[in-house]
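For reference, the structure is listed below as structure tokens.
In the text below, chain A, chain B and the rest are named by the order of the sequence lines, each starting its count at 1.
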Protein chains: 2
Amino acid sequence: MQPELSQRQRTILKLIVQEYIRTGRAVGSKSLIERYDLGISPATVRSEMGELEEQEYLAHPHTSAGRVPTDRGYRYYVEYLLDDARLPIPEQITISHQFRQVEAQIESWAKLAAVVLADMSGNLSLVTPPRSSVERMRHFELISLRGRVVLLVAVTQTGMVREVILQLQDEVSQEELSALSQRLNPEIRDLTHEQIRRLAPGASGLASFILEQLADLLRLTEQEAQTEVFAEGLDYVLQQPEIEGGPIAQRLLELLRGGAILSLLLPQLQPGDDVQVIIGKEHRAADLHPFAVVAASYGARNQVAGLLGVVGPTRMPYGRSISIVRYIAQVMTNLLRDIYDEAEDED
Amino acid sequence: MQPELSQRQRTILKLIVQEYIRTGRAVGSKSLIERYDLGISPATVRSEMGELEEQEYLAHPHTSAGRVPTDRGYRYYVEYLLDDARLPIPEQITISHQFRQVEAQIESWAKLAAVVLADMSGNLSLVTPPRSSVERMRHFELISLRGRVVLLVAVTQTGMVREVILQLQDEVSQEELSALSQRLNPEIRDLTHEQIRRLAPGASGLASFILEQLADLLRLTEQEAQTEVFAEGLDYVLQQPEIEGGPIAQRLLELLRGGAILSLLLPQLQPGDDVQVIIGKEHRAADLHPFAVVAASYGARNQVAGLLGVVGPTRMPYGRSISIVRYIAQVMTNLLRDIYDEAEDED
DNA sequence: GTTGGCACTCGTCGATTAGGAGTGCTAACC
DNA sequence: GGTTAGCACTCCTAATCGACGAGTGCCAAC
């Protein structure tokens with residue numbers, strides 16, 4: 001798609017998109033002129049509109065209504081007509097303030113990011129906690145809860161903490177458990193779940209069992225990365241008039257269940273550096289056709305990465321959404337770099 | 001409220017409640033007789049209905065519509081007209097099967113309970129993970145992530161695991177950290193967050209800092225018990241015709257945010273043994289007046305306790321909801337007893 | 001106490017209508 | 001040739017109207 005439109009057509013398209021996003025109603029030639037003085041008459045606007053419709057940037061809901069942007073129209077708007085402003089400084093300050101208030105915990109950050117994203121964009125937000133594609137073991141502890149019931153706590157290289165409750169065959173004292181973990185810890189350090197599993201057969205009964213469990217836990221942690229997602233602002237998106245409790249809303253709720261929406265979205269999002277926008281029918285998944293997504297990845301390079309974005313109707317304030325997503329992705333990236341990366345060359 | 005109704009009035013009330021719950025439409029005398037042969041004429045039913053309305057068990061939406069149960073009517077139904085059946089065995093088996101499939105982790109159980117509760121009741125479910133009102137420290141570990149960044153992992157007596165990222169003043173090697181944790185662990189075992197905090201001033205620089213952080217973390221874990229809640233089945237409840245995307249739905253979504261609904265619900269729920277039902281205006285919180293709640297507490301005695309329940313419109317299948325809530329509370333209780341309690345005298 | 005009959009009430013649904021916003025076309029204008 | 005005013009036409013929206021039907025309440029008869 002080239003910017004083959006005249007300057008006037010671009011102005012008109014821009015105004016129509018903005019006006020439609022603002023009001024939610026199809027916009028007509030006359031009302032457009034009444035609101036914005038372009039120095040031309042409605043009739044001229046109409047002929048330009050006709051041209052824009054010809055090229056599929058606009059559409060008619062029905063013969064005698066105003067124009068509505070098509071997905072292609074939105075795309076052009078996002079690509080060429082949007083002056084991508086930074087988020088205003090006061091809002092930046094509000095956001096980073098909130099991140100400073102919350103406890104220093106990766107999951108808390110992700111949750112907060114979801115809340116802020118939703119509140120500021122007025123749409124549904126999605127945030128996956130940052131995960132590494134290959135987790136390596138760092139350290140584990142065995143803690144006797146009572147009798148044969150033992151809690152296994154594992155920490156990975158990336159600082160993920162996972163626990164699981166084990167039922168042992170026989171009762172084992174805390175001392176023995178501590179001795180075992182002290183013996184095994186150096187061995188399993190930096191290993192992947194496959195490597196740990198390979199160690200298991202060679203070990204004695206209890207040690208072998210623990211190694212198996214560790215491998216399971218590590219594998220599970222990796223898998224969770226695929227499905228775990230924090231979503232906020234459902235109320236906002238369900239308020240949108242084009243969705244409003246109808247069948248689309250039902251569809252969306254189903255997609256949110258168990259993170260199913262992620263598996264539709266992820267294949268289409270390259271882990272590129274900047275914000276990505278997917279509008280309506282550009283989605284490969286038909287279920288997402290009524291929606292637009294503004295998303296970005298974040299994370300410490302080569303370590304852990306996550307995804308965050310907002311989901312709303314194609315009629316969404318793209319400019320604002322993009323600034324917000326970009327800024328929060330940057331905040332999250334900085335937080336993670338402080339934890340993982342060696343280089344500290346940024347504020 | 002006494003059961004001062006005649007046998008026939010009770011039968012009619014029961015049928016009206018059931019019919020209304022089933023169809024969602026106000027039920028009239030004639031249609032009731034057509035469906036259920038009571039051996040009496042519509043006119044007789046009408047006069048009984050009039051009596052029931054007099055006593056506020058039923059209401060008229062408008063002069064010439066059928067009758068609808070009032071909150072009082074539902075209450076009478078739940079109290080006296082419901083033969084509280086157990087959940088059918090096949091469904092019991094399905095449920096316990098699902099719990100056996102999931103990883104042995106308290107949070108996973110709570111999440112699964114929420115999913116099952118929602119799916120089987122067809123309404124919104126709420127499950128708070130089991131928490132102790134006073135958490136005592138069991139064990140902690142310090143893990144160096146890089147440079148001055150350290151991960152603090154703490155395990156409480158009840159097996160809760162919490163972690164936080166710390167920024168130290170100076171760089172400290174993993175060996176020093178391990179030595180420190182080995183020295184402090186015996187000291188802080190079984191202490192509450194207040195007791196730990198009292199130790200801090202007496203300790204050296206780094207140890208003092210760690211103790212403060214531990215106290216914070218422990219306190220935070222207790223506080224989370226107040227707000228953390230797993231909710232599932234939002235789609236079900238938003239499908240209900242009496243709610244359907246309207247302002248009540250918005251209200252509900254707001255209440256779900258950050259677990260606000262819990263602070264409205266908890267004060268009214270005694271941690272009694274059996275299932276509790278709160279119907280419509282019986283809620284102290286006006287925001288909950290459109291809803292009915294069926295809830296029960298679960299947990300290992302004197303150790304940890306949680307709450308689970310379903311939330312739906314007052315027109316909800318009480319009998320079924322009660323059986324489901326009761327059964328799942330029992331399953332969760334058994335799971336927790338296996339972890340915590342000494343006595344193993346039940347299956 | 002129960003029942004059938006009957007007039008009356010009201011909400012629902014479909015059809016009808018008026019109003020209005022917007023278009024597309026054409027002819028005139030600069 | 002692009003621009004504009006004028007105008008007929010389209011079609012959605014909201015309001016109105018009326019038929020329909022479910023349900024009630026009352027009364028007289030059983």
Side-chain angles (χ1 to χ4, degrees), chain A residues 4-13 15-20 22-70 73 241-242 244 246 315, chain B residues 4-13 15-17 19-20 22-70 73 241-242 244 246:
Chain A
E4 62 202 353
L5 301 179
S6 72
Q7 187 52 49
R8 193 168 67 188
Q9 285 170 334
R10 297 168 62 135
T11 308
I12 288 174
L13 178 56
L15 286 180
I16 289 176
V17 171
Q18 286 176 352
E19 195 65 6
Y20 181 65
R22 206 176 55 82
T23 66
R25 276 201 288 253
V27 11
S29 54
K30 197 169 149 213
S31 66
L32 195 69
I33 291 304
E34 272 165 10
R35 216 181 137 78
Y36 305 95
D37 183 16
L38 295 180
I40 52 178
S41 79
T44 311
V45 174
R46 273 204 292 281
S47 90
E48 295 287 31
M49 280 175 162
E51 178 64 20
L52 287 167
E53 190 177 347
E54 192 94 350
Q55 296 190 40
E56 307 217 321
Y57 293 107
L58 297 178
H60 260 190
H62 35 263
T63 322
S64 94
R67 282 353 194 265
V68 162
T70 60
E242 46 263 82
E244 236 239 304
R315 179 188 146 249
Chain B
E4 63 204 351
L5 301 178
S6 72
Q7 187 52 47
R8 193 166 67 189
Q9 286 171 332
R10 297 169 62 139
T11 308
I12 289 174
L13 178 55
L15 286 179
I16 290 176
V17 171
E19 196 65 7
Y20 181 65
R22 206 176 55 83
T23 67
R25 275 201 289 253
V27 11
S29 53
K30 197 169 149 213
S31 66
L32 195 70
I33 291 302
E34 272 166 10
R35 215 181 138 76
Y36 304 95
D37 183 18
L38 296 180
I40 51 179
S41 78
T44 310
V45 172
R46 274 204 292 282
S47 89
E48 295 286 29
M49 279 175 163
E51 178 64 21
L52 286 167
E53 191 178 347
E54 192 96 349
Q55 296 189 41
E56 308 217 321
Y57 293 108
L58 297 178
H60 258 193
H62 33 263
T63 324
S64 94
R67 281 357 193 262
V68 162
T70 59
E242 45 264 82
E244 236 240 304

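A:Glu19 has its CD atom 15 Å from the P atom of C:dA21, to the nearest Å. Taking atom CZ of residue B:Arg25 and atom C1' of nucleotide D:dA22, one finds them 11 Å apart after rounding to whole Å. Atoms CD1 (B:Ile16) and P (D:dA22) sit 18 Å apart, rounded to a whole Å. Taking atom CD1 on B:Ile33 and atom P on D:dG23, their separation rounds to 12 Å, with Å as the unit. Atoms NE2 (B:His62) and P (D:dG25) sit 12 Å apart, rounded to a whole Å. Between B:Glu53 atom CD and D:dT24 atom P the separation is 9 Å, expressed in whole Å. The separation between B:Leu38 atom CG and C:dT2 atom C1' is 14 Å, rounded to whole Å. In this structure, the CZ atom of A:Arg67 is 11 Å from the P atom of C:dG22, given to the nearest Å.
The listed nucleotides are D:dT24, D:dG23, C:dT23; the one nearest the side chain of A:Ser29 is C:dT23.
Comparing B:Ser64 and A:Thr63 by the nucleotide of DNA chain D that holds the closest heavy atom to each, the one mapping nearer the 5' end is A:Thr63.
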Between B:Tyr57 and B:Gln9, is the side chain to side chain donor-acceptor pair (under 3.5 Å) condition met? List the steps. CA-CA 10 Å; B:Tyr57 293 108; B:Gln9 286 171 332; over 6 Å; no

Would A:Thr44 and A:Ser47 count as a side chain to side chain donor-acceptor pair (under 3.5 Å) if you check the C-alpha gap in whole Å, the side-chain angles of each, and the deciding distance to 0.1 Å? CA-CA 5 Å; A:Thr44 311; A:Ser47 90; over 6 Å; no

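In this structure, CZ on A:Arg8 lies 11.0 Å from CD on A:Glu51, to the nearest 0.5 angstrom.
For B:Arg25, the CZ atom is loosely surrounded, since the number of other residues' heavy atoms within 6.0 Å does not exceed 12. Other residues, nucleotides and ligands place no more than 12 heavy atoms under 6.0 Å from the CD atom of B:Glu56.
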Please produce a list of atom pairs where a protein N or O lies less than 3.5 Å from an N or O of nucleotides 4-6 of chain D.
| residue | atom | partner | partner atom | Å |
| --- | --- | --- | --- | --- |
| D:dT4 | OP2 | A:Ser41 | N | 3.1 |
| D:dT4 | OP2 | A:Ser41 | OG | 3.3 |
| D:dT4 | OP2 | A:Thr44 | OG1 | 2.2 |
| D:dT4 | O5' | A:Ser41 | OG | 3.4 |
| D:dG6 | O6 | A:Arg46 | NH2 | 3.4 |

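Of the residues A:Leu32, A:Leu58, A:Val17, the one that meets the side-chain contact (heavy atoms from CB on, under 4.5 Å) test with A:Arg67 is A:Leu58.
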